[in-house]
Amino acid sequence: MRPHRRRLPAMTRRTSTIDSSASDMPESVVLIRRFLFFVAVCLSCLLLYNDSNALRFLHRFSSSPSASFSAYLSPLVSEEHRLEKVLKNATMEDGTVILTTLNEAWAAPGSILDLFLESFRIGVGTRRLLSHLVIIALDQKAFERCLEVHNHCFALVIQDFDFRQEAYFMTPHYLKMMWARIDFLRTVLEMGYNFVFTDADIMWFRDPFPQFYEDADFQIACDNFLGNSDDLQNRPNGGFNYVKSNSRSIAFYKFWYSSRETYPGFHDQDVLNIIKFDPTTFSIGLKIKFLDTAYFGGFCEPSKDLNQVCTMHANCCYGLDSKLHDLRIMVRNWKRFVSLPPNLKRDLMLPWGVPQNCSLDSLRRSDAPESDAQHGSQE
């Protein structure tokens with residue numbers, strides 16, 4: 001009888017063969033093979049790390065586990081459009097980017113986006129700033145339109161919520177969008193970027209950076225400016241602010257976002273008006289400055305001198321049609337101004353001619369007719 005031989009498992013036999021052949025090789029060859037294997041493993045780990053690092057903001061987008069939304073990338077968003085890469089490509093030398101958000105209605109041809117981009121092209125010293133502008137699209141159509149007209153686009157989709165249609169002022173839909181914006185901006189700060197956030201219904205007619213304060217962590221435009229940039233009684237407007245990334249600003253944005261639970265049903269701007277007096281804000285040590293409406297005006301309180309104005313906001317306005325009507329007049333009047341001879345620009349105090357359809361009274365409406373549902377609007 002032939003003696004029984006125990007067969008080794010396939011993997012064991014393969015290893016034995018490799019070890020056997022390795023023993024016949026010169027020691028230098030074995031060491032080289034082991035070194036190359038080690039390098040290959042390290043490179044694989046590095047690639048995995050970089051991929052996860054590029055998406056780490058996805059895991060920390062919400063500041064609390066109970067948050068009802070999260071960010072994810074659209075299927076059409078390629079690697080080059082991931083957030084960190086988009087921000088890096090758009091950043092200024094000091095790590096500052098310009099950010100705006102858009103939904104489908106505001107991004108449609110002939111709508112807010114076209115006027116917004118045109119203002120950069122016809123403004124004084126603003127065309128170059130387009131290379132630092134990142135458009136955050138809140139839905140697929142807005143993202144696709146952004147890719148057609150601009151270089152730096154990012155798709156941010158809020159889970160279980162459709163932002164394609166109008167977000168009427170102070171409706172639950174509108175509040176959801178505004179608070180999502182606050183949490184997203186906190187993420188950008190945590191990534192180490194300073195930002196100028198601008199609503200897309202703000203026209204950029206002059207480079208605003210010379211008018212910003214060097215020593216402020218957080219500076220914000222106003223619906224009503226009382227004459228002192230340090231006065232907490234100023235009425236800020238969250239549609240335009242310049243924020244520097246540091247521990248104070250990050251802590252403040254976390255506090256601001258968490259305060260939505262303390263004041264349910266309140267606009268982020270109204271909550272800001274409350275917490276600017278809160279002891280927590282003082283303990284954070286945030287340095288706040290309010291921006292003069294002479295430079296950063298709007299329909300609530302228009303800039304009076306076109307030789308000084310940097311930005312003009314279609315605030316105190318309800319409905320997309322009203323915004324577009326008055327914004328077109330504003331852009332037309334600016335073009336007329338910049339075409340004047342230098343002496344006339346200096347001496348004439350030309351009026352804006354707006355607001356016309358926009359007014360404070362329009363904000364008293366809390367809902368909109370069904371027939372207007374196709375429009376897109378913010379405050």
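All of these numbers come straight from a predicted model, not from anything done at the bench.
Taking the six-membered ring for Trp and thresholds of 30 and 60 degrees, Phe337 and Trp334 have ring planes inclined between 30 and 60 degrees apart. Note: Phe209 and Tyr242 have perpendicular aromatic rings, judged against thresholds of 30 and 60 degrees for the angle between ring planes.
At distances below 3.5 Å, at least one donor-acceptor pair connects side-chain atoms of Asn194 with backbone N or O atoms of Asp94. Here the side chain of Trp352 pairs a donor or acceptor atom with the backbone of Ser303 at under 3.5 angstrom. Remark: the backbone N or O of Leu87 is not paired with any side-chain donor or acceptor of Thr91 at under 3.5 angstrom.
Note that the SG atom of Cys222 and the CZ atom of Phe290 stand 6.0 Å from one another [nearest 0.5 Å]. Put simply, CD1 on Ile202 and NE2 on His313 are 4.0 Å apart, with the number rounded to the nearest 0.5 Å. Between the CZ atom of Phe252 and the CG atom of Leu189 there is a distance of 11.0 Å, given to the nearest 0.5 Å.
The residues Glu214 and Lys287 are annotated as not salt-bridged, no charged nitrogen and carboxylate oxygen being separated by less than 4.0 angstrom. By the 4.0 Å N-to-carboxylate-O rule, Lys88 lies too far from Glu84 to be salt-bridged with it. Under the 4.0 Å criterion applied to side-chain N and carboxylate O atoms, Asp183 and Arg260 are not assigned as salt-bridge partners. At a threshold of 4.0 Å, the pair Asp223-Arg235 does not count as salt-bridged, since none of the basic side-chain nitrogens sits closer than that to a carboxylate oxygen.
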Query raised in the report: After noting the C-alpha distance and the side-chain angles of Arg328 and Glu118, does the key distance pass the salt bridge (charged side-chain N to carboxylate O under 4.0 Å, His left out) rule?
Result: CA-CA 11 Å; Arg328 286 170 182 147; Glu118 183 181 6; over 6 Å; no
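Counting heavy atoms from C-beta outward, Ile136 and Thr100 have side chains that stay 4.5 Å or more apart.
Ring to ring, Trp204 and Phe240 are close: their centroids are under 6.0 angstrom apart. Between Phe212 and Phe296, a ring centre-to-centre spacing shorter than 6.0 Å is recorded.
With hydrogens and angles left out, the side-chain atoms of Glu301 and Asn224 include a donor and acceptor closer than 3.5 Å. Checked by atom type, the side-chain pair Asn103/Asp139 shows no donor-acceptor distance below 3.5 Å. Side-chain contact annotation: Ser322 with Asn357, donor-acceptor N/O pair under 3.5 Å absent.
Put simply, Phe277 and Phe266 are part of the same group of oily side chains (I, L, V, M, F, W, Y) that touch within less than 4.5 Å, one to the next.
The environment of Lys304 atom NZ is sparse: at most 12 non-hydrogen atoms of other residues, nucleotides or ligands sit within 6.0 angstrom.
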